[in-house]
Protein chains: 2
Amino acid sequence: MQRMVTPIHSGNAPSATAATGVSPVFSPLYQQIKALLTRSLQSGEWKPGELIPSEAELALRFGVSQGTVRKAIDELAAENLLLRRQGRGTFVSTHHEEQVKFRFLRMVPDSESGQALRMQRQFLECHRMRAAADVARLLAIKPGDMVLEIRRILHIGGEPLVYEDIYLQGAPFRGLTAERLERYQGPLYALFESEFGTRMVRAEEKIRAVSAGPQEAELLKVPVGQALLSVERLAFSYGDQPAELRRGLYSTAHHHYRNALS
Amino acid sequence: MQRMVTPIHSGNAPSATAATGVSPVFSPLYQQIKALLTRSLQSGEWKPGELIPSEAELALRFGVSQGTVRKAIDELAAENLLLRRQGRGTFVSTHHEEQVKFRFLRMVPDSESGQALRMQRQFLECHRMRAAADVARLLAIKPGDMVLEIRRILHIGGEPLVYEDIYLQGAPFRGLTAERLERYQGPLYALFESEFGTRMVRAEEKIRAVSAGPQEAELLKVPVGQALLSVERLAFSYGDQPAELRRGLYSTAHHHYRNALS
DNA sequence: GAGTGGTCTAGACCACTCC
DNA sequence: GAGTGGTCTAGACCACTCA
């Protein structure tokens, strides 16, 4: 009933492996291919920005038709894990592309004119610490495990826009230091993927409105009591593994959080 | 070079219509089919909740293969315009389904337990008026054109959660009255689609943090100056036509706005 | 059992990129 | 021109729903 692809084979007819009895897993071939491709991404066989083998070659490797590989790649492309370019091939998505920059930073200026937002970063903190209970729970680690905490402010046109408190699992980000952060130009997620092999794939955010306390007011240069957006983001890496917790305060005086419901 | 599907025909080979010279429009067949299907949805040939013809029948009608129809339907299903159900057929999406209720209302309780949110609606206002300049611009109508304004509060467990100020184009919603709103059980968008033939398909939201003024504080039963989410939503109907403007204030004391970045 | 969408295959040609 | 993804077709069988 169920055809498994794990050992390479090349049967043509569907339902060629029913001999063993009840199938333990029940998923279409293209889902199995998709899982195999994801595994190659996760293991680092193909790194962000790199070209993966052609559809024809993958079809040969897995012993399935090109159409089946195509459907698997289609879904991975829809999830922004892969990027197809006609005539060139299929590439592993990366946070280094211009176009992707606004997928995770949703703040846009109220004036809808050209949003050539030149952003300045100011790092306040970068140190290792033991994870508190709530942080550990969200990152799926044990309380007391080592985490890396980064605090920073994003400025735009000299004005503070975002204050963020970022928590990363300690182990994968061993070599990450304040100097490293200062030196690197570009999005944090680009640094994470290039230097530490952790690519953020998707995220969930919880948004609230809060009043600025004394410290926050000073950091964002707003009056105490000013209404701010509180954004808690949990970002996931390849295997839906939580990899980053981010607590942000956004000043919405001249910018807003843009969202599309579809 | 380009095959047009407008007049029904049944050629097998691609590139069967190059005789006329340079093709004016340049789009794949399945996109043309998709446009035709969208037109049938827009014209009301198939109404929300109804079953559309089978893939085979559509393929016959348009003179293309079933695979081509399938690809067109795939995209429409991905955009939530159609809903496929194996063994039963393809249906026009509707706001009457339980599952869809949280696609446009993004507030969820902070306690992640069972979110059996029983919501009470309180309508404050429902009247016709002339559109102000900003409302007219967003709704793509002329300033001074008639619009319908609805104001309401959503309560949960007796506590006010959302205050909304809603603007609709006057013409399509001619018969909408306060009594009609009171009598109808279920989401507003379900009422709009069932009774007025306007189905909201997607929306864009701009989110800010604001402080409650005196009136807003009283409506939402919060202290003056309390931080609230300000959500401005522009909702679009079938042809990407703006159909509703909604300005909301959300109380985030015990709930938050949930968002997925992917 | 008839009808529907879902999967899989095989092969053809098109559009695009790069050498 | 070679190689890639993109489109289109035709036909087979599977999984599911319902009468």
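Because the structure is a prediction, the values reported are computed rather than measured.
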J.: Can you name the residues that form a side-chain hydrogen bond (donor to acceptor under 3.5 Å, both in side chains) with A/Ser93, not counting sequence neighbours?
T.: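 For A/Ser93 there are no side-chain hydrogen bond (donor to acceptor under 3.5 Å, both in side chains) partners, ignoring immediate neighbours.
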J.: Going by the rule side-chain contact (heavy atoms from CB on, under 4.5 Å), which residues pair with B/Asp74 if we only count those two or more places apart in sequence or in a different chain?
T.: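 B/Asp74 satisfies side-chain contact (heavy atoms from CB on, under 4.5 Å) with B/Arg70, B/Arg84 once adjacent residues are dropped.
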J.: Would you please name every residue forming a side-chain contact (heavy atoms from CB on, under 4.5 Å) with B/Leu81, sequence neighbours left out?
T.: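 Expected list: B/Leu41, B/Leu76, B/Glu79, B/Val201, B/Tyr238.
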J.: With the criterion being N/O to N/O and under 3.5 Å, what pairs connect the protein with nucleotides 2-6 of chain C, and how long is each?
T.:
from, atom 1, to, atom 2, distance (Å)
C/dG3, N2, B/Gly87, O, 2.9
C/dT4, O2, B/Gly87, N, 3.4
C/dG5, OP1, B/Thr90, OG1, 3.4
C/dG5, OP2, B/Glu55, N, 3.0
C/dG6, OP2, B/Arg70, NH1, 3.3
C/dG6, OP2, B/Arg84, NE, 2.8
C/dG6, OP2, B/Arg84, NH2, 3.3
C/dG6, N7, B/Arg70, NH2, 3.3

J.: Rounded to whole angstrom units, what separation is found between the CD1 atom of A/Ile33 and the C1' atom of C/dT9?
T.: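 Computing the A/Ile33:CD1 to C/dT9:C1' distance gives 13 Å.
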J.: How would you list, by chain and number, every residue that makes a ring pair (Phe, Tyr, Trp, His ring centres under 6.0 Å) with B/Phe104, sequence neighbours excluded?
T.: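 Ring pair (Phe, Tyr, Trp, His ring centres under 6.0 Å) list for B/Phe104, sorted by chain: B/His95, B/Tyr189.
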J.: For B/Glu75 and D/dT7, what is the distance between atoms CD and P respectively, to the nearest whole Å?
T.: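 Taking CD of B/Glu75 and P of D/dT7, I get 8 Å after rounding.
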J.: Closer than 4.0 angstrom, basic N to acidic O: yes or no for B/Arg106 and B/Glu205?
T.: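 No, this pair does not count.
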J.: Residues two or more places apart in sequence or in another chain: which of them pass side-chain contact (heavy atoms from CB on, under 4.5 Å) with B/Phe91?
T.: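 For B/Phe91, the residues satisfying side-chain contact (heavy atoms from CB on, under 4.5 Å) (neighbours in sequence not counted) are B/Leu51, B/Arg85, B/Arg88.
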J.: Using the ring pair (Phe, Tyr, Trp, His ring centres under 6.0 Å) criterion, which residues pair with B/Tyr257? Sequence neighbours excluded.
T.: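 In terms of ring pair (Phe, Tyr, Trp, His ring centres under 6.0 Å), with neighbours along the sequence ignored, B/Tyr257 is linked to no residue.
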J.: Let me know the distance between CG of A/Leu58 and P of C/dT9, rounded to the nearest Å.
T.: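 That distance rounds to 14 Å.
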J.: Among residues at least two apart in sequence or on other chains, which ones pass side-chain contact (heavy atoms from CB on, under 4.5 Å) with B/Leu161?
T.: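 B/Leu161 satisfies side-chain contact (heavy atoms from CB on, under 4.5 Å) with B/Met107, B/Ile156, B/His255 once adjacent residues are dropped.
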J.: In this structure, how many angstroms lie between the C1' atom of D/dA15 and the CG atom of A/Leu29, rounded?
T.: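 After rounding, the reported distance stands at 15 Å.
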J.: Fill in the dot-bracket string of DNA chain D, one character per base: . for unpaired, | for a pair to another strand, ( ) or [ ] for pairs within the strand, taking Watson-Crick or G-U pairs under 3.5 Å.
T.: ||||||||||||||||||.
